[in-house]
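Notes follow once the structure below has been shown.
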Amino acid sequence: TLSLHDALPIVHPSGILGPYNGAKNYLVQLVNDYIRGKLPACVHGGYDFVDVRDVAGGCLRAAQKGRTGECYILSNRYYEVTEVLKMVRSIVGGKKLPTLPLWIAKASVPLICRIARLKKRRPLYTRYSLYALTSNGRFTHDKATAELNYKPRDLYVTISDTIRWLSKYQSFAEIQ
């Protein structure tokens, strides 16, 4: 059995987004659905979104430099969903989507899930995803920055690289 003294450092990533991270990733699905015109609306809310490559690098740094038993938050900063889609729009164009109040989105979840099942797709908005967008999504990576030299990249770069990566595929189904 491991004791606290034998434990490795522990990492806590925030909402992960980025290229090469397609399978089961809701944020990549959000970007891809918008690009393909499959996203009818966005919702109020946001979260701390971070590049998958920064999380991977942070995990390696934690294993190499992290203190035994210590926790490190691997995050970036809080972004509204509307900010994320605005970045996507600035790269690929497209129309500004209506932003639904959360109460409408939450009330629509059963219908959204039913339609997704009929189309054999995963629903983007679920009770949990909507909860996450309204929960405490503001974290600090100060400890990881100070102790691990963790420096997340600007999310615009992440989104640009994700779009470039997605452009190699004709549909989201191909990257799952």
Side-chain angles (χ1 to χ4, degrees), residues 1-35 39 42-92 99 102 105 122 124-169 172 175-176:
T1 61
L2 290 176
S3 71
L4 183 58
H5 301 290
D6 299 323
L8 294 171
I10 300 162
V11 297
H12 301 280
S14 58
I16 300 173
L17 170 65
Y20 322 112
N21 189 32
K24 310 286 188 218
N25 186 295
Y26 284 99
L27 298 172
V28 172
Q29 182 181 346
L30 173 83
V31 170
N32 193 56
D33 284 357
Y34 176 81
I35 292 168
L39 188 66
C42 72
V43 296
H44 282 290
Y47 204 70
D48 187 313
F49 300 127
V50 65
D51 192 297
V52 64
R53 297 166 294 185
D54 295 330
V55 171
C59 289
L60 292 173
R61 283 187 204 82
Q64 295 165 348
K65 299 179 180 182
R67 291 182 288 139
T68 301
E70 288 294 314
C71 294
Y72 299 94
I73 296 174
L74 303 179
S75 64
N76 189 342
R77 78 166 180 80
Y78 180 89
Y79 293 89
E80 292 281 332
V81 174
T82 54
E83 286 180 89
V84 172
L85 292 177
K86 185 177 180 181
M87 287 184 235
V88 175
R89 217 172 35 254
S90 75
I91 297 166
V92 298
T99 304
L102 275 168
R122 176 180 65 180
L124 180 61
Y125 297 125
T126 64
R127 289 195 194 289
Y128 180 75
S129 68
L130 294 173
Y131 167 78
L133 292 175
T134 59
S135 66
N136 180 14
R138 298 176 191 270
F139 313 112
T140 177
H141 55 81
D142 291 348
K143 182 177 178 181
T145 296
E147 296 185 20
L148 308 176
N149 196 31
Y150 172 79
K151 296 176 185 165
R153 72 196 77 209
D154 186 274
L155 196 67
Y156 186 89
V157 173
T158 301
I159 290 172
S160 181
D161 291 349
T162 301
I163 291 168
R164 191 174 308 108
W165 176 70
L166 284 169
S167 71
K168 295 178 183 178
Y169 300 93
F172 187 78
I175 62 171
Q176 292 185 355

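- Taking OG1 of Thr162 as the reference point, atom CG of Leu17 lies at 4.5 Å (rounded to 0.5 Å).
- When all heavy atoms are compared, the tightest approach of Val43 to Thr99 is C-CG2, 3.7 Å.
- Using a distance-only test at 3.5 Å, with no hydrogens or angles considered, no donor-acceptor pair links the side chain of Asn76 to the main chain of Asp154.
- With Tyr150 contributing its side chain and Ser75 its backbone, the two residues share a donor-acceptor pair below 3.5 Å.
- Note: Asp54 CG to Leu74 CG = 9.0 Å, rounded to the nearest 0.5 Å.
- Annotation: side chain of Pro19 is in contact with side chain of Arg53 (closest heavy-atom distance under 4.5 Å).
- We find the NZ-SG distance between Lys86 and Cys42 to be 12.5 Å, quoted to the nearest 0.5 Å.
- Counting heavy-atom neighbours within 6.0 Å of Tyr131 OH, excluding the residue itself, gives a total of 12 or less.
- The CG atom of Asn32 lies 12.5 Å from the CG atom of Leu27; values are rounded to the nearest 0.5 Å.
- Between Asp51 and Leu155, the closest side-chain pair of non-hydrogen atoms is not below 4.5 Å.
- Shortest non-hydrogen contact noted between Ala62 and Pro9 is O-CG, 3.1 Å.
- Side-chain contact check for Trp165 versus Val28: some heavy-atom pair is nearer than 4.5 Å.
- In terms of modelled atom types and a separation under 3.5 Å, the side chain of Asn25 and the main chain of Ile16 share a donor-acceptor contact.
- Counting heavy atoms from C-beta on, the side chains of Ile73 and Lys143 never come closer than 4.5 Å.
- The shortest heavy-atom contact between Pro152 and Val50 is CB-CG2, 4.4 Å.
- Side-chain contact between Leu30 and Leu85: present, with at least one pair of heavy atoms (C-beta onward) separated by less than 4.5 Å.
- Checking side-chain atoms of Tyr78 against main-chain N and O of Gly46 turns up a donor-acceptor pair under 3.5 Å.
- Remark: the backbone N or O of Arg138 is not paired with any side-chain donor or acceptor of Asp48 at under 3.5 angstrom.
- Taken to the nearest 0.5 Å, the CD1 atom of Ile163 stands 9.5 Å off from the OH atom of Tyr34.
- Proximity of the aromatic rings of Tyr125 and Tyr26 is defined here by a centroid distance below 6.0 angstrom, and this criterion is not met.
- Under a 3.5 Å cut-off, the side chain of Ser160 and the backbone N or O of Tyr156 do not form any donor-acceptor pair.
- Here the straight-line distance linking atom CG of Leu148 with atom OH of Tyr72 works out to 5.0 Å at 0.5 Å rounding.
- Checked by atom type and distance alone, the side chain of Ser135 pairs as donor or acceptor with a backbone atom of Ala132 at under 3.5 Å.
- In this structure, Arg77 is positioned above the aromatic face of Tyr79, its NZ or CZ under 6.0 Å from the six-membered ring centre and within 45° of the axis.
- Of the possible polar contacts, none joining the Asn149 side chain to the Lys151 backbone as a donor-acceptor pair under 3.5 Å is found.
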